[in-house]
Every structure is written in C-alpha cells, then in structure tokens.
*Asks:* 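Handing you this structure, nothing more for now.
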Amino acid sequence: MIGDERSYEAHLRSRRAEILERVDAAARRAGRDASEVEVIAVSKTVGVEEVVDAIHAGWTHFGENRPQELGRKLEALGRVPEGASVTFDMIGNLQKNKINQVIGRVRLIHSVSSAHLAEAISKRSEARGISSDALLEVNVSGEPSKSGFSPDEVLACAEGIVGLPGLRVCGLMTMAPARDADAARRTFSGLRELADELRRRTGLALETLSCGMSEDFEIAVEEGSTLVRLGRCVFDQGFVL
Ligand SMILES: *Cc1c(COP(=O)(O)O)cnc(C)c1O
C-alpha cells in the first residue's frame, strides 16, 4: 500500500518541505514568524515503520489519540528518553482509567476536556511526583459531536484548574468544523480571543494555541495557532495538499 520504503520516505520528506513552506507563507501573511508555529505529525493511522521513516524525513514531534497505540509505539521505538528530540503528544479523548498510561510519557496532553479530567490528571501526576503539561480543549464551534469545554465553562472553571498542583495549563486546543473555511476561521479566532480573556483573568501565559489540521492549518496559522496537528497531509500519499 505504501510502496517501497525509500519512495515513502522521499514522499514524507517532500511533503514536509511543502508543509513547512505553507506554514511559513501563512505566518508571513499574518505578520507572524513561522518559528512561532510548531507542527506535529499525527501518526495515529500509521505504524511504527512509518514513524521511523518520518523521523528520517525530519519530523521530531508526533501526536497520538489512543493511549494503547501511544504505548505500543513508544515501546517499539524504545522508550523515548527525556530530553530526546523525538516526542509524542496525546491529542485524543482521554478516559480517566487510561491516565496512568499517558502521564510521564508524553510531552503535552492536548485534550483536557473537563474539570473532572483535569483534577484526575493532576492527582495522578502528583502521586508520581510529576506535573503534566496540558491544554484545555474547547468546543469553540459548539458542534454537538465535539468534546471539550464550552467557552463559558472554560472561563468559569479556569481559576480552579490553574490552581491544580499536578497540572500545568499551557494553553488551549480546539477542532474546527470540517470542510467549511469560514467556520474554521471563526473557530480559530474565537480560540485566540478566549485565550486573551483567560490570560487577563488568570495571569497565566497560555502560550500554546493548538489548532489546525490537514485541511485548515493555513487558516489556523493566519489566526494565531502556535501548534498545528497534521495527520493525512503528512502521511497519506493520496492527500491533495
Ligand atoms: C486525527 C487528528 C488530527 C489530524 O487530522 P488530519 O485531518 O489527518 O490532519 C488532529 N487532531 C486530532 C485531535 C486528531 O484526532
């Protein structure tokens, strides 16, 4: 399916160059510097071999949405040591009973979608003597299919969450409605404005805005994203960028 390995790696390499160029152009259109925007490769649909190819092609930060698959990849790659350049983020729904499979193994948890989950992550992190870096996931667009805090909820809960000892809130994350560029733009600018408001209320830096996927990352960068999460456009040879 993937073709011979060398050509797949070449595909990954040329795609990466094109993606970084587009991020750079989108940042410049918004008067930003592309160094403010990090790109993670979402490896949830590919195997360990493709991740190894991607590392060879220059990717260093990866995202997974399932604790079990995250564990499988980390084991196969040989527990990525702290300080190593290859890191994984948890970007998907996290159930409380899976928290221990994730904390201490990922650089950042993007998907803290409720105050209960924030408390549970904090408690389990504290028990291990660590603090987990995390983003609060906000359902800015209000689509019923999407998880996360509503904007009102996140404003109401923020002070309690930022006081949790085992959790460091680094920013916000959202997902935009699919195949609707205007709605995507409103969602990303809404996330940015919400972060501004939360900064005023909490005094936190909230540096990270995680938004933008394969179909909307250029809009996200124009609207202030600092972390785009790209799956299909990185790995899928059939994806039209
Ligand atoms: C799968 C996934 C992505 C990547 O989506 P693509 O459209 O393949 O780029 C980004 N974020 C989350 C939370 C995902 O689950």
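Just so you know, ligand 1 is whichever comes first in the structure, and atom 1 is the first atom listed for that ligand.
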*Asks:* What residue and heavy atom of the protein are closest to atom 8 (O) of ligand 1, and at what distance?
*Replies:* Arg232 N, 2.8 Å
*Asks:* Do any nitrogen or oxygen atoms of Arg229 come within less than 3.5 Å of a nitrogen or oxygen of ligand 1?
*Replies:* yes
*Asks:* Whether Arg28 and Asp24 form a salt bridge (side-chain N of Lys/Arg under 4.0 Å from carboxylate O of Asp/Glu) is what I want to check.
*Replies:* yes
*Asks:* Under 3.5 Å, N or O to N or O, is Gly231 touching ligand 1 that way?
*Replies:* yes
*Asks:* Would you call Arg72 and Glu69 a salt bridge, using N to O less than 4.0 angstrom?
*Replies:* yes
*Asks:* Taking 4.0 angstrom as the limit and counting only heavy atoms of Leu230, give me the atoms of ligand 1 inside it, by number and element.
*Replies:* 9 (O)
*Asks:* Which ligand 1 atoms, with their elements, are less than 4.0 angstrom from a heavy-atom of Ser214?
*Replies:* 6 (P), 7 (O), 8 (O), 9 (O)
*Asks:* So, Arg199 and Asp196, do they make that salt bridge, N to O below 4.0 Å?
*Replies:* yes
*Asks:* Lys44 to ligand 1: N or O pair under 3.5 Å?
*Replies:* yes
*Asks:* Test of understanding: given a 4.0 Å heavy-atom threshold, classify the contact between Ile91 and ligand 1 as side chain, backbone, both, or neither.
*Replies:* both
*Asks:* Whether the Asp33 and Ser35 side chains hold a donor-acceptor pair (N or O, under 3.5 Å, no angle test) is what I'd like checked.
*Replies:* yes
*Asks:* Report the residue from Arg107, Lys73, Arg229 that forms a salt bridge (charged side-chain N to carboxylate O under 4.0 Å, His left out) with Glu64.
*Replies:* Lys73
*Asks:* Could you find the nearest protein heavy atom to atom 10 (C) of ligand 1 and give me its residue, atom name and distance?
*Replies:* Met213 SD, 3.3 Å
*Asks:* Can you name the closest pair of heavy atoms from Leu209 and Ala195 and give their distance?
*Replies:* CD2-CB, 3.7 Å
